[in-house]
Amino acid sequence: MNEVQSPNEAAKTLDGWYALHDFRQMDWEAWKLADESVKQHALESFSALRKQYAEVEAQQKGSYAQYYILGQKADFVFLHLRETMNEIGELERAFNQSAIAPFLLPAHSYVSVVELSNYMGKPGTDPMENPEILARLKPVLPKAGHICFYPMNKKRDLQDNWYMLSMDERRAMMRSHGLIGRSYAGKVKQIITGSIGFDDWEWGVTLFAEDPLQFKKLIYEMRFDEVSARFGEFGEFFVGNLIQEEAWDELFKG
Ligand code: VOV
């Protein structure tokens with residue numbers, strides 16, 4: 001009788017800052033009906049919050065980015081990174097209790113943690129001693145012209161079960177994935193966040209680019225690569241345009 005061997009060694013993950021993708025819908029009706037003083041107070045409280053986010057980023061204790069979302073899934077995404085999940089909870093509460101919150105209604109959210117896996121790790125080296133890796137675990141979010149976000153899983157079907165493959169098989173596929181990704185260096189920056197146990201999908205994929213067409217090209221090319229073609233399952237896609245800090249006042253005049 002053949003001995004049953006478990007081929008599936010779990011990948012080791014390196015985990016960095018916690019992430020909240022906070023998607024909001026503007027209640028323009030309520031905004032138009034609100035008194036000037038209420039609006040003024042709301043704008044001041046919102047501006048104070050954003051100032052705090054920028055300060056946290058300047059102190060290298062987190063990061064923040066803000067984008068308009070296209071289409072009807074949401075109007076804005078506020079993307080936050082923090083050292084702890086408690087800080088994510090606190091900033092969420094502070095936002096929800098602020099005077100802008102009644103106008104910026106929840107549309108969607110995603111909770112995850114910046115993740116690197118050891119598929120490409122160099123044996124015999126401690127990744128946590130590598131400044132490049134440390135910087136990737138605690139990244140300053142790029143303020144690129146465009147963002148693309150979607151959640152994804154790796155399939156667990158009988159024939160195509162990622163979690164039943166050997167480490168070597170998975171590593172080979174991730175190498176090919178990485179090679180495609182690297183050919184977009186300078187065009188698309190990716191931040192992969194792990195969300196097993198935190199949210200409904202296994203990973204969040206957040207991409208940044210100056211040219212949004214590069215999102216489509218990269219994702220399309222990856223669809224033909226085995227790890228995405230056989231194992232990738234994808235949730236809703238969100239795409240957006242950068243909001244410059246000074247654009248908010250103009251925007252709320254509407
Ligand atoms: C923009 C380019 C780009 C580059 C350079 C890149 C490279 C790499 C490397 C080298 C590695 C492995 C080591 C690590 O760093 O973790 C990964 C890991 C990962 N990726 Fe990736 N990826 C990119 C981009 C990129 C995209 C566009 C997607 C979405 C896939 C698609 O079909 O829509 C993606 C997904 C992932 C995921 C979900 C993981 C974790 C998988 C796991 O099982 O653990 N990724 N990725």
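In what follows, every heavy atom counts, from backbone to side chain, and hydrogens, waters and symmetry copies are set aside.
Heavy-atom neighbours of Arg230 CZ from other residues, nucleotides or ligands within 6.0 Å: above the threshold of 12. The number of heavy-atom neighbours closer than 6.0 Å to NE2 of His41, taken from other residues, nucleotides and ligands shown, is 12 or below. In this structure, Lys143 places its NZ atom where more than 12 heavy-atom neighbours from other residues, nucleotides or ligands lie under 6.0 Å away. Surrounding CD of Gln59 are more than 12 heavy atoms belonging to other residues, nucleotides or ligands, all under 6.0 Å away. Within a 6.0 Å sphere centred on NZ of Lys216, other residues, nucleotides and ligands contribute 12 heavy atoms or fewer. Other residues, nucleotides and ligands contribute at most 12 non-hydrogen atoms within 6.0 Å of the CZ atom of Arg136.
Shortest non-hydrogen contact noted between Gly62 and Trp17 is N-CH2, 3.4 Å. Residues Tyr184 and Ile180 approach most closely at CD1-O, 3.3 Å, considering heavy atoms. The shortest heavy-atom contact between Gly235 and Phe237 is O-CD1, 3.4 Å. Here the closest non-hydrogen pair linking Pro102 and Asp27 is O-CB, 4.5 Å. Minimum heavy-atom separation, Trp162 to Met173: CZ3-SD, 4.1 Å. Annotation for Ser98 and Ser45: closest pair CB-OG, 4.0 Å, computed over non-hydrogen atoms.
Between the side chains of Asp168 and Ser166, not a single donor N or O lies within less than 3.5 Å of an accepting N or O. For the residue pair Gln66 / Tyr53, no side-chain donor-acceptor distance below 3.5 Å is found, with atom types taken as modelled.
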- Task: Walk me through it: do Lys155 and Asn161 pass the test side-chain contact (heavy atoms from CB on, under 4.5 Å)?
- Result: CA-CA 6 Å; Lys155 218 182 261 176; Asn161 188 332; over 6 Å; no
- Message: For a side-chain contact (heavy atoms from CB on, under 4.5 Å) check, start with the C-alpha distance between Val114 and Thr193, then their side-chain angles and the critical distance, and finish with the verdict.
- Response: CA-CA 4 Å; Val114 177; Thr193 50; 4.1 Å; yes
- Stepwise side-chain contact (heavy atoms from CB on, under 4.5 Å) check, Val239 with Phe215: CA-CA 9 Å; Val239 68; Phe215 296 141; 4.2 Å; yes
- Task: Might you work through the side-chain contact (heavy atoms from CB on, under 4.5 Å) test for Ile100 and Phe95, ending with a clear yes or no?
- Result: CA-CA 8 Å; Ile100 194 68; Phe95 187 92; 4.1 Å; yes
- Task: Take Asp35 and Ser37 through the test side-chain hydrogen bond (donor to acceptor under 3.5 Å, both in side chains) and record every step on the way to the result.
- Result: CA-CA 5 Å; Asp35 284 349; Ser37 61; 4.8 Å; no
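Asp211 places none of its side-chain heavy atoms less than 4.5 Å from the side chain of Lys187. Side chains of Val111 and Met85 form a contact here, defined as non-hydrogen atoms less than 4.5 Å apart. By the 4.5 Å heavy-atom criterion applied to side chains, Val140 and Glu57 are counted as neighbours. Two residues are said to be in side-chain contact when any heavy atoms from C-beta on lie closer than 4.5 Å; Arg93 and Asn96 fail this criterion. The shortest distance between side-chain heavy atoms of Glu115 and Leu14 does not fall below 4.5 Å. Side-chain atoms of Val205 and Phe234, non-hydrogen and from C-beta on, never get closer than 4.5 Å to each other. Annotation: side chain of Ile219 is in contact with side chain of Leu207 (closest heavy-atom distance under 4.5 Å). Within the 4.5 Å cutoff, no side-chain heavy atoms of His108 are placed close to those of Lys73.
The structure places CZ of Phe208 at 4.5 Å from CD1 of Ile191, a figure rounded to the nearest 0.5 Å. How far CD1 of Ile243 is from CD1 of Ile69: 8.5 Å, rounded to the nearest 0.5 Å. Interatomic distance, OG of Ser109 versus CD1 of Ile88, reported as 11.0 Å (0.5 Å rounding). A distance of 15.0 Å separates CG in Asp22 from OH in Tyr110, rounded to the nearest 0.5 Å. If you take CG on Asp200 and OG on Ser195, they are separated by 8.5 Å, rounding to the nearest 0.5 Å. The line from CD of Gln60 to CD of Glu83 is 10.5 Å long, rounded to the nearest 0.5 Å.
Put simply, the side chain of Glu202 gets close to the backbone of Lys154: a donor and an acceptor are under 3.5 Å apart. A distance-only check finds no donor-acceptor pair linking the side chain of Arg82 to the backbone of Leu20 [under 3.5 Å]. Distance alone, capped at 3.5 Å, is enough to place a donor-acceptor pair between the Glu87 side chain and the Thr84 backbone. Judged purely by atom type and a 3.5 angstrom limit, Arg171 uses its side chain to pair as donor or acceptor with the backbone of Tyr119. Remark: the backbone N or O of Glu132 is paired with a side-chain donor or acceptor of Asn130 at under 3.5 angstrom. Of the possible polar contacts, one joining the Asn118 side chain to the Lys12 backbone as a donor-acceptor pair under 3.5 Å is found. Listed for the Arg24 side chain is no donor-acceptor partner under 3.5 Å among the backbone atoms of Phe78. A distance-only check finds no donor-acceptor pair linking the side chain of Asp199 to the backbone of Trp201 [under 3.5 Å]. At distances below 3.5 Å, at least one donor-acceptor pair connects side-chain atoms of Trp31 with backbone N or O atoms of Phe252. With hydrogens and angles ignored, the 3.5 Å screen pairs a side-chain donor or acceptor of Ser63 with a backbone N or O of Leu141.
Aromatic ring pairs are classed by plane angle as parallel below 30°, tilted from 30° to 60° and perpendicular above 60°; the pair Tyr18 and Phe198 is tilted.
If you chain together hydrophobic residues whose side chains sit under 4.5 Å apart, Ile147 and Met26 never meet in one group. Under the 4.5 Å side-chain heavy-atom criterion for ILVMFWY residues, no single connected hydrophobic cluster contains both Leu116 and Met174. A continuous path of hydrophobic side-chain contacts links Tyr150 to Ile196 [ILVMFWY only; heavy atoms under 4.5 Å]. Each of Met120 and Leu137 belongs to its own hydrophobic cluster when Ile, Leu, Val, Met, Phe, Trp and Tyr are linked at side-chain heavy-atom distances under 4.5 angstrom. Connection of Leu104 to Leu251 is established within a shared hydrophobic cluster, with ILVMFWY side chains joined at heavy-atom distances below 4.5 Å, either directly or through further cluster members.
Look at Arg50 and Glu245 and you find a salt bridge, because one of the NZ, NE, NH1 or NH2 atoms lies within 4.0 Å of a carboxylate O, short of that distance. The residues Glu36 and Lys39 are annotated as salt-bridged, a charged nitrogen and a carboxylate oxygen being separated by less than 4.0 angstrom.
When each of Tyr64, Phe149, Tyr67 is paired with His21, the ring-ring contact (aromatic ring centres under 6.0 Å, His included) condition holds for Phe149 and for no other.
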